[in-house]
Colleague: 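I am attaching a structure below and will ask some questions about it afterwards.
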Amino acid sequence: QVQLVESGGGLVQAGGSLRLSCVASGRTFAMGWFRQAPGKEREFVAAISWRDGYTHYSDSVKGRFTITRDNAKNTLYLQMNSLKPEDTAVYYCTASNRWVVVTTPPEYSYWGQGTQVTVSS
């Protein structure tokens, strides 16, 4: 069983930056970030493979967000720059049993509790 604990959320003005972290207990493979805004479905944000560090982003965050991982520390990161009010959501860290990047919720086996990100205009 893998447990994921996110941190780093908060309130920031539009144009600002935040970095989310996610510490995993147990072996993880491909990992990712999703987000969910009130009244909306959970949305894919970014993912990273286990071995070669291949990354994939949603069009809405490409060029502004960067996903990285430190396998030695079992930690996943999401650097978020140029934040916009529409980035406001609860952000979830996820881990898959697959090695390659996956982008839909059913392909992820483990989820963190979520961390709130609020971007004011």
Side-chain angles (χ1 to χ4, degrees):
Q1 187 73 13
V2 174
Q3 292 187 329
L4 304 172
V5 179
E6 302 104 332
S7 62
L11 173 64
V12 64
Q13 289 188 333
S17 299
L18 282 174
R19 188 174 84 152
L20 305 183
S21 299
C22 172
V23 179
S25 64
R27 181 70 177 273
T28 59
F29 296 96
M31 297 187 74
W33 292 94
F34 283 74
R35 66 187 182 187
Q36 189 166 18
K40 295 187 177 181
E41 292 188 354
R42 194 164 293 191
E43 172 191 22
F44 170 77
V45 175
I48 187 167
S49 65
W50 174 64
R51 179 167 288 180
D52 59 8
Y54 174 82
T55 58
H56 182 70
Y57 299 90
S58 69
D59 287 343
S60 61
V61 307
K62 195 176 297 181
R64 300 187 297 122
F65 291 11
T66 303
I67 186 171
T68 57
R69 66 188 297 170
D70 184 334
N71 288 338
K73 296 181 178 179
N74 254 8
T75 303
L76 179 72
Y77 303 98
L78 184 68
Q79 177 67 44
M80 305 184 294
N81 299 328
S82 302
L83 283 161
K84 305 175 181 179
E86 51 264 43
D87 294 318
T88 295
V90 176
Y91 283 70
Y92 296 91
C93 171
T94 65
S96 171
N97 288 322
R98 300 186 62 182
W99 289 15
V100 297
V101 161
V102 290
T103 62
T104 61
E107 296 177 288
Y108 286 92
S109 302
Y110 309 102
W111 293 81
Q113 81 287 352
T115 185
Q116 177 70 46
V117 171
T118 303
V119 184
S120 63
S121 57

Colleague: For W111, enumerate each residue passing the ring pair (Phe, Tyr, Trp, His ring centres under 6.0 Å) test, keeping only those at least two apart in sequence or located in another chain.
Modeller: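 Result, ring pair (Phe, Tyr, Trp, His ring centres under 6.0 Å) vs W111: F34.
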
Colleague: Any carboxylate oxygen within less than 4.0 angstrom of a Lys/Arg side-chain nitrogen, looking at D59 and K62?
Modeller: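 A salt bridge links D59 with K62.
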
Colleague: Are any non-hydrogen side-chain atoms of L83 and F65 less than 4.5 angstrom apart?
Modeller: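 Counting from C-beta outward, L83 and F65 do come under 4.5 Å.
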
Colleague: Could you state the interatomic distance from OG (S60) to CD (E86), rounded to the nearest 0.5 Å?
Modeller: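 The OG atom of S60 sits 9.0 Å away from the CD atom of E86.
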
Colleague: Check for me, please, whether Y92 and L20 land in the same ILVMFWY cluster - side-chain distances under 4.5 Å, paths through other members count.
Modeller: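 Looking at the clustering, L20 is in a separate group from Y92.
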
Colleague: Taking C-beta and beyond as the side chain, do V117 and D87 meet within less than 4.5 Å on heavy atoms?
Modeller: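 The answer is no, as the side chains (C-beta and beyond) never meet within the 4.5 Å cut-off.
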
Colleague: Side-chain donor-acceptor pairs under 3.5 Å in residues 4-17, sequence neighbours left out?
Modeller:
residue, atom, partner, partner atom, Å
E6, OE1, Q113, N, 3.1
E6, OE1, Q113, NE2, 3.3
E6, OE1, G114, N, 2.9
E6, OE2, C93, N, 2.8
E6, OE2, G114, N, 3.2
S17, OG, N81, OD1, 2.9

Colleague: So, taking the atom named CZ in R51 and the one named CH2 in W99, what distance separates them when rounded to the nearest 0.5 Å?
Modeller: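 Between R51 CZ and W99 CH2, I get 4.0 Å after rounding to 0.5 Å.
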
Colleague: Just so I know, are the side chains of T28 and Y110 near enough to count as touching, which here means a heavy-atom distance under 4.5 Å?
Modeller: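 In short, these two side chains do not touch, never coming nearer than 4.5 Å.
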
Colleague: Is a side-chain donor or acceptor of T75 paired with a backbone partner of V23 at a separation under 3.5 angstrom?
Modeller: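 Side chain of T75 to backbone of V23, a donor-acceptor pair under 3.5 Å: no, none is there.
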
Colleague: Once rounded to the nearest 0.5 Å, what's the spacing between atom CG of L78 and atom OH of Y57?
Modeller: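 Here the rounded value is 7.5 Å.
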
Colleague: Calculate, to the nearest 0.5 Å, the distance between atoms CG and CZ belonging to L76 and R69 respectively.
Modeller: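 L76 atom CG to R69 atom CZ measures 7.0 Å (nearest 0.5 Å).
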
Colleague: Using the rule given for side-chain contact (heavy atoms from CB on, under 4.5 Å), can you reason through C22 versus W33, listing the C-alpha separation, both sets of side-chain angles and the distance that settles it, and then say yes or no?
Modeller: CA-CA 10 Å; C22 172; W33 292 94; 3.8 Å; yes

Colleague: Test of understanding: with side-chain contact (heavy atoms from CB on, under 4.5 Å), list the residues that count as partners of Y54, not counting sequence neighbours.
Modeller: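 Scan of Y54 (side-chain contact (heavy atoms from CB on, under 4.5 Å), adjacent residues dropped) gives S49, D52, H56, V101.
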
Colleague: Name all residues meeting the side chain to side chain donor-acceptor pair (under 3.5 Å) criterion together with T104; count only those two or more places apart in sequence or in a different chain, and write none if there are none.
Modeller: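 Counting only residues at least two positions away or on another chain, T104 forms a side chain to side chain donor-acceptor pair (under 3.5 Å) with E107.
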
Colleague: To the nearest 0.5 angstrom, please state how far the CD1 atom of I67 sits from the CD atom of Q79.
Modeller: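 Answer rounded to 0.5 Å: 12.5 Å.
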
Colleague: Are V61 and Y108 connected into the same hydrophobic cluster when the rule is that any two of I, L, V, M, F, W, Y join if their side-chain heavy atoms are below 4.5 Å apart?
Modeller: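 Result: no, two separate clusters.
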
Colleague: Aromatic rings F29 and W50: how do their planes relate, parallel, tilted or perpendicular, breaks at 30° and 60°?
Modeller: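 It falls in the perpendicular class, over 60°.
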
Colleague: Taking only distance into account, with no hydrogens and no angle test, what donor-acceptor pairs under 3.5 Å do side-chain atoms of residues 40-47 form with protein atoms, sequence neighbours excluded?
Modeller:
residue, atom, partner, partner atom, Å
R42, NE, Q36, OE1, 3.4
R42, NH2, Q36, OE1, 3.4
E43, OE1, R35, NE, 2.8

Colleague: Would you please name every residue forming a side chain to side chain donor-acceptor pair (under 3.5 Å) with T118, sequence neighbours left out?
Modeller: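 T118 satisfies side chain to side chain donor-acceptor pair (under 3.5 Å) with Q116 once adjacent residues are dropped.
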
Colleague: Can you confirm whether more than 12 heavy atoms, excluding those of Q3, are under 6.0 Å from its CD atom?
Modeller: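 Atom CD in Q3 is not packed in, count stays at 12 or less.
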
Colleague: Could you walk me through whether Y77 and T66 pass side-chain contact (heavy atoms from CB on, under 4.5 Å), step by step?
Modeller: CA-CA 8 Å; Y77 303 98; T66 303; over 6 Å; no

Colleague: So, N74 side chain and A24 main chain: donor-acceptor pair closer than 3.5 Å or not?
Modeller: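 The answer is yes, because a donor-acceptor pair under 3.5 Å joins these two groups.
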
